[in-house]
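What follows is one structure encoded as structure tokens, with my remarks underneath.
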Amino acid sequence: MSGTEGNTERRSVTVHMVSSLDGFIAKKDNSVSWLDSPGSVYEAGVSISEEEAAKFVKAIDCYVLGSRTYEHALELGWPYGDTPVVVVTGRELPSARKSIEFYSGDLKTLVDVKLAPRYRNIWLVGGAMLCQRFLELGLVDQIRLTIAPVLLGEGLRFFGGSLTEARWNLKNVAAYKNGFVELSYSATKA
Ligand SMILES: NC(=O)c1ccc[n+]([C@@H]2O[C@H](COP(=O)([O-])OP(=O)(O)OC[C@H]3O[C@@H](n4cnc5c(N)ncnc54)[C@H](OP(=O)(O)O)[C@@H]3O)[C@@H](O)[C@H]2O)c1
């Protein structure tokens with residue numbers, strides 16, 4: 001259970017994804033070395049201390065993952081600690097930790113009925129299929145897109161062909177010493 005349970009403040013759903021310069025979020029062979037720091041330094045960039053990063057991550061109340069991202073995270077080493085995680089799947093999957101719940105069904109119900117009463121700061125961290133579905137359904141409040149300084153040429157595209165035109169408001173740009181750039185946007189309210 002999260003410390004924010006019973007919280008009446010409005011929930012916020014943030015999509016967070018790391019993309020290559022040419023718009024891919026995964027390589028065909030699922031290898032992740034392209035996410036490593038390139039070694040060169042962008043002098044005008046900022047860097048975050050471990051304490052700042054830990055404080056930031058602590059403010060996340062819940063992660064939501066598609067099942068393929070879940071399976072890949074288990075292979076790589078669980079990065080979400082004991083923070084609650086909801087995995088969206090139509091399959092019966094084994095639960096690797098106590099903090100994991102599985103969900104199958106309507107995604108608006110997931111957000112409005114299952115998550116919103118319990119969590120405020122909800123992070124949807126992939127993959128492409130689940131993020132696109134959330135975007136199509138208008139369930140996303142913020143997009144944080146981190147661009148890695150690498151061209152991949154092929155792989156899994158973050159934004160597929162199913163989205164329609166929509167404007168987003170730029171909220172922040174952060175360029176890091178390692179050459180990664182983070183773009184933060186909020187949804188335009190209708
Ligand atoms: N670069 C990054 O920041 C980043 C972040 C996250 C993931 N990734 C990568 O992206 C890849 C995975 O992405 P992906 O697009 O292939 O898959 P995904 O979105 O992680 O998972 C897709 C699965 O989620 C379930 N799902 C999705 N929508 C659903 C719905 N509306 N209702 C019920 N279940 C639903 C289905 O599971 P079932 O088939 O089990 O029913 C579907 O097969 C991996 O390689 C991962 O490493 C990269």
Side-chain angles (χ1 to χ4, degrees), residues 13-38 48 53 56-57 60 62-81 83-97 99-116 121-140 142-164 168 172-174 176 178-185:
V13 175
T14 298
V15 160
H16 181 250
M17 200 66 73
V18 185
S19 162
S20 66
L21 266 176
D22 47 349
F24 297 107
I25 62 153
K27 287 183 70 158
K28 281 191 169 167
D29 65 2
N30 244 349
S31 59
V32 291
S33 55
W34 64 278
L35 291 164
D36 293 345
S37 205
I48 334 178
F56 186 85
V57 166
I60 297 172
C62 163
Y63 293 98
V64 179
L65 280 65
S67 68
R68 289 188 207 152
T69 297
Y70 168 63
E71 287 168 322
H72 199 204
L74 290 178
E75 276 169 43
L76 292 174
W78 192 246
Y80 308 110
T83 303
V85 167
V86 174
V87 178
V88 181
T89 181
R91 290 179 288 156
E92 293 279 326
L93 293 173
S95 179
R97 305 171 74 96
S99 54
I100 299 167
E101 282 178 66
F102 296 99
Y103 178 86
S104 153
D106 179 67
L107 296 178
K108 189 163 164 33
T109 305
L110 167 65
V111 172
D112 293 346
V113 178
K114 199 168 167 66
L115 301 180
N121 189 12
I122 300 161
W123 277 47
L124 172 57
V125 289
M129 187 190 282
L130 194 60
C131 290
Q132 281 171 30
R133 203 67 200 109
F134 264 70
L135 286 163
E136 284 163 19
L137 293 168
L139 295 173
V140 180
Q142 319 271 340
I143 297 175
R144 272 179 183 250
L145 184 59
T146 303
I147 312 282
V150 59
L151 292 168
L152 291 180
E154 60 174 11
L156 177 65
R157 285 212 173 274
F158 179 26
F159 295 110
S162 60
L163 297 175
T164 52
W168 286 70
N172 193 45
V173 176
Y176 295 97
N178 64 3
F180 285 61
V181 177
E182 187 175 77
L183 306 170
S184 303
Y185 298 89

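We count ligands from 1, going down the list as the structure has it; atoms in each ligand are counted the same way.
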Closest to [atom] (judged by heavy-atom distance), picking from [options]:
| atom | options | result |
| --- | --- | --- |
| atom 29 (C) of ligand 1 | Asp29, Leu145, Val88 | Val88 |
| atom 7 (C) of ligand 1 | Val32, Leu35, Thr146, Thr69 | Thr69 |
| atom 28 (N) of ligand 1 | Leu65, Leu130, Leu110, Leu156 | Leu130 |
| atom 37 (O) of ligand 1 | Ser31, Ser67, Gly90 | Ser67 |
| atom 1 (N) of ligand 1 | Leu124, Val18, Asp106 | Val18 |
| atom 45 (O) of ligand 1 | Leu107, Thr89, Asn30 | Asn30 |

Check each atom of ligand 1 against the heavy atoms of [X] and keep those under 4.0 Å away; list them by number with element.
| X | value |
| --- | --- |
| Gly126 | 6 (C), 20 (O) |
| Ala26 | 9 (C), 45 (O) |
| Gly66 | 18 (P), 20 (O), 21 (O), 24 (O) |

Nearest non-hydrogen protein atom, [atom]:
| atom | result |
| --- | --- |
| atom 6 (C) of ligand 1 | Val125 O, 3.0 Å |
| atom 46 (C) of ligand 1 | His72 ND1, 3.6 Å |
| atom 8 (N) of ligand 1 | Ile25 CD1, 4.0 Å |
| atom 18 (P) of ligand 1 | Gly127 N, 3.4 Å |
| atom 21 (O) of ligand 1 | Arg68 N, 3.3 Å |
| atom 22 (C) of ligand 1 | Met129 SD, 3.6 Å |

(message) On the six-membered ring of Phe24, is Arg157 placed so that its NZ or CZ lies under 6.0 angstrom from the centre and within 45° of the ring axis?
(response)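 Cation-pi check for Arg157 and Phe24: passes.
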(message) Is the shortest side-chain heavy-atom distance between Phe102 and Ser95 below 4.5 Å?
(response) yes
(request) Tell me yes or no: between the side chains of Asp36 and Trp34, is some donor less than 3.5 Å from an acceptor? (result)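 Judged by distance alone, the side chains do not pair up.
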(message) Polar contacts were defined as any N/O atom of the residue lying under 3.5 Å from an N/O atom of the ligand; does this apply to Arg91 and ligand 1?
(response)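 For ligand 1, there is an N or O atom that lies under 3.5 Å from one belonging to Arg91.
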(request) Return yes if some donor-acceptor pair links the side-chain N/O of Asn172 with the main-chain N/O of Ser184 below 3.5 Å, else return no. (result)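 Side chain of Asn172 to backbone of Ser184, a donor-acceptor pair under 3.5 Å: no, none is there.
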(message) Give me the atom names and distance for the closest heavy-atom approach of Pro149 to Asn178.
(response)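 Pro149 and Asn178 have their closest heavy atoms at CG-O, 4.1 Å.
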First locate atom [atom1] of [X], then atom [atom2] of [Y], and finally report the distance between them rounded to the nearest 0.5 Å.
| X | Y | atom1 | atom2 | result |
| --- | --- | --- | --- | --- |
| Glu136 | Leu107 | CD | CG | 10.0 Å |
| Ile122 | Lys114 | CD1 | NZ | 12.0 Å |
| Met17 | Phe158 | CE | CZ | 4.0 Å |

